[in-house]
Amino acid sequence: MFDHISIGVRDIGRTKRFYDAVFAPLGYTCLSEDATSLGYGREAVAFWIGETERPVPEDDKSNLHLCLTAPTRESVETFHAAGMREGGRDNGAPGLRTAYAPDWGSMRICGAGWNDVCRR
């Protein structure tokens, strides 16, 4: 359905450190970079980040989140650990969420512009 998602952030350098760390276990890399923007994906950019003066504020009560598919449960745990190391805020530790499906494993972390959900 989506070709790409784009978010705004205040500090592109801090944001790059965060997303380089959390996206690595999922197989995403920074494919495009300049002084004010980053583009992440596998073969093509699917997640754009741009530096802006007025990014949408983080709000874990807004119900806004993006859910990323992870290749393994271990990669979900690695994503979470990397996010916490890079200054993210825990919003749900890695683990099974059987209310969604018997094998639905996920975690939630807030940081660097949005609420991340990573599932396997």
Side-chain angles (χ1 to χ4, degrees):
M1 172 188 279
F2 298 112
D3 179 70
H4 67 275
I5 301 291
S6 180
I7 65 167
V9 299
R10 287 192 202 290
D11 182 341
I12 205 78
R14 179 179 151 262
T15 300
K16 182 171 187 337
R17 288 187 300 276
F18 181 87
Y19 284 107
D20 282 354
V22 299
F23 279 163
L26 307 182
Y28 300 118
T29 59
C30 187
L31 301 174
S32 178
E33 177 180 3
D34 65 30
T36 61
S37 70
L38 304 166
Y40 287 88
R42 285 195 183 109
E43 294 153 17
V45 174
F47 187 70
W48 286 102
I49 302 167
E51 195 166 71
T52 183
E53 289 180 27
R54 296 179 49 195
V56 175
E58 292 177 24
D59 181 357
D60 59 351
K61 297 190 186 308
S62 73
N63 201 31
L64 174 64
H65 69 269
L66 302 176
C67 185
L68 306 168
T69 302
T72 65
R73 286 199 181 137
E74 180 184 10
S75 63
V76 173
E77 293 172 8
T78 305
F79 179 104
H80 184 267
M84 297 304 295
R85 247 188 341 271
E86 294 300 325
R89 182 173 46 84
D90 185 18
N91 195 27
L96 287 175
R97 307 295 194 267
T98 56
Y100 301 121
D103 65 343
W104 183 283
S106 72
M107 52 64 59
R108 292 180 62 112
I109 191 167
C110 301
W114 55 296
N115 298 327
D116 302 325
V117 178
C118 185
R119 82 165 279 273
R120 172 66 190 164

Heavy-atom closest contact ([X] atom, [Y] atom, distance):
{"X": "Arg73", "Y": "Leu96", "value": "NH2-CD2, 3.3 Å"}
{"X": "Glu77", "Y": "Pro94", "value": "CG-CB, 3.8 Å"}
{"X": "Phe18", "Y": "Glu86", "value": "CD1-CB, 3.7 Å"}
{"X": "Val76", "Y": "Ala70", "value": "CG2-CB, 3.6 Å"}
{"X": "Asp34", "Y": "Thr36", "value": "OD1-N, 2.9 Å"}
{"X": "Leu31", "Y": "Glu43", "value": "CD1-C, 3.9 Å"}

Shared hydrophobic cluster, Phe47 / Phe2 (ILVMFWY, side-chain heavy atoms < 4.5 Å)
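Yes, one cluster joins them.
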Indicate, with yes or no, if Ile7 and Tyr28 share a hydrophobic cluster defined by side-chain heavy-atom contacts under 4.5 Å among Ile, Leu, Val, Met, Phe, Trp and Tyr.
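Tyr28 clusters together with Ile7.
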Criterion side chain to side chain contact (heavy atoms under 4.5 Å, CB included) against Cys30, the qualifying member of Asp20, Ile49, Val45
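Only match with Cys30 under side chain to side chain contact (heavy atoms under 4.5 Å, CB included): Asp20.
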Residues, nucleotides or ligands: over 12 heavy atoms within 6.0 Å of Glu74 CD
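It does not: Glu74 CD has 12 such atoms or fewer within range.
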What orientation do Phe23 and Phe79 show, parallel under 30°, tilted 30 to 60°, or perpendicular over 60°?
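Correct class here is tilted.
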Test your reading of the model: is there a side-chain donor-acceptor pair from [X] to the backbone of [Y], 3.5 Å cut-off?
{"X": "Arg42", "Y": "Leu26", "value": "yes"}
{"X": "Arg97", "Y": "Gly95", "value": "yes"}
{"X": "Arg10", "Y": "Thr52", "value": "no"}

To the nearest 0.5 Å, what is the distance between CG on Leu38 and CH2 on Trp48?
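That separation rounds to 9.0 Å.
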